[in-house]
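Here's the structure we're looking at; comments come further down.
Throughout, protein chains are lettered first and strands after them, A, B, ... in sequence-line order, and every chain is numbered starting at 1.
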Protein chains: 2
Amino acid sequence: MSWSAIRSSDTSRFENPLVMRMAGLADLSAEEMDILRENVSLAHSSAIQAELCTEGKVQMPQVLLAGWACYQRLLGDGRRQIVDFLLPGDIIGSPTRSDLPLSRTAIALTQVVTADARPLMQAIDGSGPVMPGLARALHRMAYAEDVRQRDHIVRLGRQTAYERVVHLMLEFHSRLQQIGAVHDDRFALPLTQEVLADALGLSVVHINRTLQQIRRDRLFDMRSGQVTLRQIELMRAMADWTPPIG
Amino acid sequence: MSWSAIRSSDTSRFENPLVMRMAGLADLSAEEMDILRENVSLAHSSAIQAELCTEGKVQMPQVLLAGWACYQRLLGDGRRQIVDFLLPGDIIGSPTRSDLPLSRTAIALTQVVTADARPLMQAIDGSGPVMPGLARALHRMAYAEDVRQRDHIVRLGRQTAYERVVHLMLEFHSRLQQIGAVHDDRFALPLTQEVLADALGLSVVHINRTLQQIRRDRLFDMRSGQVTLRQIELMRAMADWTPPIG
DNA sequence: CGCTGCGTTGAATCCTATCAACGCTCGTGG
DNA sequence: CCACGAGCGTTGATAGGATTCAACGCAGCG
């Protein structure tokens with residue numbers, strides 16, 4: 001299956017998310033953007049819950065082209081903690097550290113389309129022509145992942161349930177904007193409340209009640225997979241949002 | 001002030017923590033170990049609470065030679081979250097990403113001795129002879145930091161107060177062992193309960209009560225800056241400890 | 001001597017989890 | 001076609017864990 005097969009025929013409006021992502025992180029030459037497109041054409045899809053890579057293994061890096069995924073860790077008694085979310089345009093499996101075993105498992109949260117990222121990696125730091133823009137963008141993707149993990153630590157450690165939910169929505173908003181998936185402060189969010197609970201360190205019941213409270217407060221609402229932010233600035237103020245740096 | 005000035009005269013027993021750390025992560029040649037020692041000789045000390053590097057700035061990477069420090073983030077209303085601890089032998093300021101602004105502040109938790117890490121960095125990836133061992137060790141230090149952050153996310157998100165404290169002690173035990181600072185499962189821990197609270201997302205009062213409970217259960221005790229682990233295997237089982245991989 | 005930082009304790013409160021049940025939608029199979 | 005079950009969201013009642021506020025003891029120190 002090819003990536004382009006599932007795209008709209010109108011390629012001018014629907015750009016490859018990886019290209020959007022990386023072009024937003026560094027200036028890319030025309031050749032570099034071509035390399036991005038050429039090297040992610042061999043795509044394949046995975047069903048919900050499929051493991052995209054496994055803890056403790058040295059894995060094949062992949063590009064996530066469509067759908068949502070996450071990194072997670074499981075405790076012995078079944079408790080789950082979602083460590084980070086993966087959105088279209090993200091690279092699965094430590095972009096800059098592919099030689100070390102993974103310390104977390106990646107699973108698909110929706111149906112997912114991925115592509116082998118190795119040809120892209122080789123094009124970047126192989127023996128061919130130097131690709132400063134791509135190298136820089138890749139570097140910044142890894143950095144952004146780092147920053148997200150720290151944000152997540154602050155959320156879990158020092159924010160209330162209410163603040164956590166609001167803060168995570170702002171993260172989604174910011175990340176989805178980078179790949180052009182936000183329109184009028186609305187975006188699709190294909191996550192169950194259980195997934196949100198496991199990401200934010202809360203119970204499903206409490207996530208549910210918190211979402212209701214947030215809806216009553218008219219900050220945002222989340223229904224049938226669609227999120228609409230109604231008062232972004234208020235959300236940012238109350239959840240102590242800091243815009244992504246770099 | 002020079003680093004060697006504050007060391008014991010018996011250098012055979014008290015090895016430079018950076019050398020111990022990196023030699024434990026990769027095979028180093030004799031020349032590489034010499035380079036480590038030579039390039040961290042210009043040390044200076046900072047008092048408690050001193051900012052070692054500041055959020056949002058591109059900073060000078062430093063080697064922590066003695067004392068404890070941490071990365072932290074502050075919320076608007078004063079709440080603090082400690083993101084990671086820095087122990088002797090650690091590098092302050094993203095070993096592999098020194099060109100990007102920091103997304104967290106580093107402060108000294110005790111009196112601290114640091115050295116400029118730039119000469120070391122230049123020796124590693126400068127134009128001189130290739131240092132495969134040092135490059136590999138540096139790489140693994142960055143990776144270890146990554147893994148710790150994920151561990152921290154799991155602690156904060158899905159573990160109880162009791163488990164969090166035990167798990168963090170096991171982390172300290174493991175890290176201090178790597179620099180030879182553990183003897184008979186005893187080690188010095190120069191942290192106040194307030195610092196532990198801000199790291200583990202708990203209140204000081206609750207940390208205090210949890211430590212008492214742990215002491216009553218004879219898992220470990222922590223008094224006057226000294227920690228003694230009494231039942232390591234039980235601790236590992238109950239806190240879902242996974243040994244550091246890689 | 002009094003102050004400050006740190007650890008400790010008690011009481012009350014609040015946030016969040018747990019348990020249980022119910023409704024709804026949707027896909028499947030009889 | 002309808003019955004059935006699974007998955008997901010929702011609700012109520014109850015319990016429990018963690019916070020807050022307050023106060024006190026104690027050691028170190030100027």
Side-chain angles (χ1 to χ4, degrees), chain A residues 47-49 68 75 77-82 107-111 155-168 188-217 220-227 238-239, chain B residues 47-49 68 75 77-82 107-111 155-168 188-217 220-227 238-239:
Chain A
I48 300 183
Q49 300 278 348
W68 286 55
L75 295 186
D77 59 0
R79 280 176 287 181
R80 170 171 79 154
Q81 177 63 45
I82 290 178
I107 65 161
L109 294 172
T110 66
Q111 262 209 316
R155 264 197 301 251
L156 294 171
R158 280 299 179 224
Q159 295 199 288
T160 65
Y162 196 99
E163 292 168 328
R164 290 182 211 183
V165 175
V166 171
H167 197 275
L168 183 61
L189 189 73
L191 304 181
T192 65
Q193 296 184 352
E194 186 178 5
V195 168
L196 291 179
D198 284 336
L200 295 176
L202 300 166
S203 68
V204 194
V205 175
H206 200 242
I207 281 279
N208 181 296
R209 290 177 172 137
T210 304
L211 284 172
Q212 292 178 46
Q213 184 61 44
I214 288 172
R215 195 181 308 144
R216 279 194 294 271
D217 295 344
F220 72 81
D221 42 32
M222 169 179 170
R223 252 189 285 241
S224 59
Q226 283 285 323
V227 171
M238 68 107 4
Chain B
I48 300 182
Q49 298 279 349
W68 286 55
L75 295 186
D77 59 359
R79 280 175 288 181
R80 170 171 80 154
Q81 177 63 46
I82 290 179
I107 65 163
L109 294 172
T110 66
Q111 262 209 314
R155 264 198 299 251
L156 294 171
R158 281 297 180 226
Q159 294 199 287
T160 65
Y162 195 101
E163 291 167 328
R164 290 182 210 182
V165 175
V166 171
H167 196 274
L168 184 61
L189 188 73
L191 304 181
T192 65
Q193 295 184 355
E194 186 179 5
V195 167
L196 290 179
D198 283 337
L200 296 177
L202 300 166
S203 68
V204 194
V205 175
H206 200 241
I207 281 280
N208 182 295
R209 289 176 174 140
T210 305
L211 283 172
Q212 292 178 46
Q213 184 61 46
I214 288 172
R215 195 181 310 144
R216 279 193 295 271
D217 295 344
F220 72 81
D221 42 30
M222 168 181 170
R223 253 190 283 241
S224 59
Q226 283 285 323
V227 171
M238 68 108 1

| remark: Residue set satisfying side-chain hydrogen bond (donor to acceptor under 3.5 Å, both in side chains) with A:Q212, at least two apart, ordered chain then number -> A:N208
Listed pairs, N/O of protein and of nucleotides 23-27 of chain C, under 3.5 Å:
none

| field | CG-CG distance between B:L168 and B:L191, expressed to the nearest 0.5 angstrom | value | 8.0 Å
| Which whole-number value in Å describes the distance from B:L200 CG to D:dG17 C1'? | 16 Å
| When you look at CD of B:E194, are more than 12 heavy atoms from neighbouring residues, nucleotides or ligands closer to it than 6.0 Å? | no
| Any side-chain heavy-atom pair of A:W68 and A:V195 under 4.5 Å | no
| Residue of the set A:Q81, A:Q193, A:R79, A:R80 for which side chain to side chain donor-acceptor pair (under 3.5 Å) holds with A:D198 | A:R80
| task | Assign a letter to each nucleotide of nucleotides 4-17 of chain C from its 5' end: B, base within under 4.0 Å of a protein heavy atom; S, sugar-phosphate only; -, no contact. | result | --SSBBBB----SS
| request: Mind checking the CG-CD spacing from B:L189 to B:Q226? Nearest 0.5 Å is all I need. | output: 9.0 Å
| query | Does a side-chain heavy-atom distance below 4.5 Å link B:M238 with B:E163? | reply | yes
| Straight-line distance of B:L211 CG to B:F220 CZ, nearest 0.5 Å | 5.5 Å
